[in-house]
Novice: 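Encoded as structure tokens, here's the structure I'll be asking about.
This one's a predicted model, so the numbers in the text were calculated from it and none came from an experiment. In what follows, residues are counted from 1 in the order of the sequence shown.
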Amino acid sequence: MADYPFLKKAGTPFKDTEMTKVAEIIKEADGDNGEITGAGLIGAPLSKSSISHSGASFAPGTIRKALGGFSTYAIEDNTDLSGMTISDLGDVAMHVTDIKQSQRRVFEAFDHVYKNNPQWLPVVLGGDNSVSFPSIQAFAEHKGSVGVIQFDAHHDVRNLEDGGPTNGTPFRSLLETETIEGQNLVQVGIRDFSNSKAYRAYAEEKGVAIYTMKDVRDKPVTGILAEAVERMRERVDAIYVSVDMDVIDQAQAPGCPAIGPGGMDAADLFDAVSFLGAEPKVKGIEIVEIDPTVDFRDMTSRLAAHVILYFLKAKMKEGK
């Protein structure tokens, strides 16, 4: 079309020559570009394991789309991510009918990536919360003793007898398999009328640190996280951040299967992941529990994209 004025390939987006979009720094990881030594997106599009209706399997695509549309420049601290390369490893192919096989595929795919790319900083795009079990299992397989900071409205330690390995059981599975120790799990944002007394008792018996939404309202979230990191610093080799988007109030994250009132403010979550991104022991993050089929204008996926960008901004600054 070069011979014809103003004609471009159909669907070509507008290009501002003085602005870099995140889409421009995301590069497909095809194995020919050498070892992945920084941030790499990987999708775990599983939602058949959800105990309620969920289209979370579509979320990796909507989060990627949202990410690509934002600019790389962060005005608040005059930081530009344009010099960063974010690899995209694609999505794990799920079994059509076998949930346990799908979860096993997540573990095996992640395990192989870690083996070949020990410096990979995983940015996991769920999927429902059930993918946290195999994702963190693979992380622990290669990072040694692991701590987890979990942002969530729910404990996610439901028993495995009633429904098997669902999106309500990942942290039960991690604790029961001794993948992590209870004293190395910190839950932030646990909400009223979203859990049971039995599951609180189980978490406390295992030594899990629980910060409710009242704690988050009463104390700066960065103060809570400073306590959490210090709690684990001498005991673990690496820390993994799990962000269930239903930790955010339903007004700001309407595209979650388990929305509810009284949740975190988005700005507090940005502060939280920025704090954790600046911590050298934090070596991975996941985003789970977004259902684009019930979202409004991809609000929740856009919010997730910002969570990732704030985290990566802090990681970039920490590496300088």
Novice: Do Phe270 and His306 pass the ring pair (Phe, Tyr, Trp, His ring centres under 6.0 Å) test, and can you show the C-alpha distance, the side-chain angles, and the key distance before you say yes or no?
Specialist: CA-CA 8 Å; Phe270 297 157; His306 265 67; 5.8 Å; yes
Novice: Looking only at heavy atoms, which two atoms of Pro254 and Asp295 are closest? And how far apart?
Specialist: CG-OD1, 3.5 Å
Novice: Which atom names give the shortest non-hydrogen contact between Ser130 and Ser49, and what distance separates them?
Specialist: OG-OG, 2.7 Å
Novice: Near Phe58 CZ, under 6.0 Å, is it more than 12 heavy atoms from other residues, nucleotides or ligands?
Specialist: no
Novice: Going by atom types alone, do Tyr73 and Asn78 pair a side-chain donor with an acceptor below 3.5 Å?
Specialist: yes
Novice: Might you work through the side chain to side chain contact (heavy atoms under 4.5 Å, CB included) test for Ser87 and Lys27, ending with a clear yes or no?
Specialist: CA-CA 5 Å; Ser87 301; Lys27 308 297 181 184; 5.7 Å; no
Novice: Identify the heavy atoms of Leu174 and Ser132 that sit nearest to each other, and give their distance.
Specialist: CD1-O, 4.3 Å
Novice: Quick one: which of Val188, Val243, Leu303 gives a side chain to side chain contact (heavy atoms under 4.5 Å, CB included) with Leu269?
Specialist: Val243
Novice: Output, in order, the C-alpha distance, side-chain angles, deciding distance and verdict of side-chain hydrogen bond (donor to acceptor under 3.5 Å, both in side chains) for His154 and Asn129.
Specialist: CA-CA 11 Å; His154 311 90; Asn129 222 150; over 6 Å; no
Novice: Taking atom types as modelled and ignoring hydrogens, do the side chains of Ser242 and Gln150 form a donor-acceptor contact shorter than 3.5 angstrom?
Specialist: no
Novice: Looking at every non-hydrogen atom in both residues, tell me the closest pair between Ala74 and Lys313 and how far apart they are.
Specialist: CB-CD, 3.6 Å
Novice: Taking NZ in Lys65 as the centre, count heavy atoms belonging to other residues, nucleotides or ligands within less than 6.0 Å. Is the count above 12?
Specialist: no
Novice: Asn167 and Ser50: side-chain donor and acceptor closer than 3.5 Å?
Specialist: yes
Novice: Could you work out, with side-chain contact (heavy atoms from CB on, under 4.5 Å) as the rule, every residue matching Met94, not counting sequence neighbours?
Specialist: Ala44, Pro45, Leu46, Val92, Ser102, Val106
Novice: Does the ring of Tyr199 carry Arg158 above it, NZ/CZ under 6.0 angstrom from centre and within 45° of its axis?
Specialist: no
Novice: Side chains of Thr20 and Ser82: is there a donor and an acceptor less than 3.5 Å apart?
Specialist: no
Novice: Please check if any side-chain donor atom of Arg200 sits under 3.5 Å from a side-chain acceptor atom of Asn195, or the reverse.
Specialist: no
Novice: Determine, for Arg231 against Glu227, whether the closest basic-nitrogen to carboxylate-oxygen distance falls under 4.0 angstrom.
Specialist: no
Novice: Considering residues, nucleotides and ligands other than Lys197, do more than 12 of their heavy atoms fall under 6.0 Å from its NZ?
Specialist: no
Novice: Going by atom types alone, do Ser47 and Asp128 pair a side-chain donor with an acceptor below 3.5 Å?
Specialist: no
Novice: Short question: side chain of Lys281, backbone of Val236 - any donor-acceptor pair under 3.5 Å?
Specialist: yes
Novice: Checking side-chain polar atoms at under 3.5 Å, does Ser54 have a donor or acceptor matched by the opposite partner on Asp291?
Specialist: no
Novice: Within a reach of under 6.0 Å around CZ of Arg172, are more than 12 heavy atoms found that belong to other residues, nucleotides or ligands?
Specialist: yes
Novice: Taking all heavy atoms of Ala59 and all of Ile290, pick out the closest pair and write down the distance.
Specialist: CB-O, 3.4 Å
Novice: For His95, is the NE2 atom crowded, meaning more than 12 foreign heavy atoms sit under 6.0 Å from it?
Specialist: yes
Novice: Pick from Asp246, Ile248, Val247: which one makes a side chain to side chain contact (heavy atoms under 4.5 Å, CB included) with Asp244?
Specialist: Asp246
Novice: For Asn116 and Glu35, test the side chains for any donor-to-acceptor distance below 3.5 angstrom and give the result as yes or no.
Specialist: no
Novice: More than 12 foreign heavy atoms under 6.0 Å from CD of Glu24: is that the case here?
Specialist: yes
Novice: Any chance you could lay out the side chain to side chain contact (heavy atoms under 4.5 Å, CB included) test for Asp192 and Met213, step after step, and finish with the verdict?
Specialist: CA-CA 8 Å; Asp192 274 356; Met213 271 310 304; over 6 Å; no
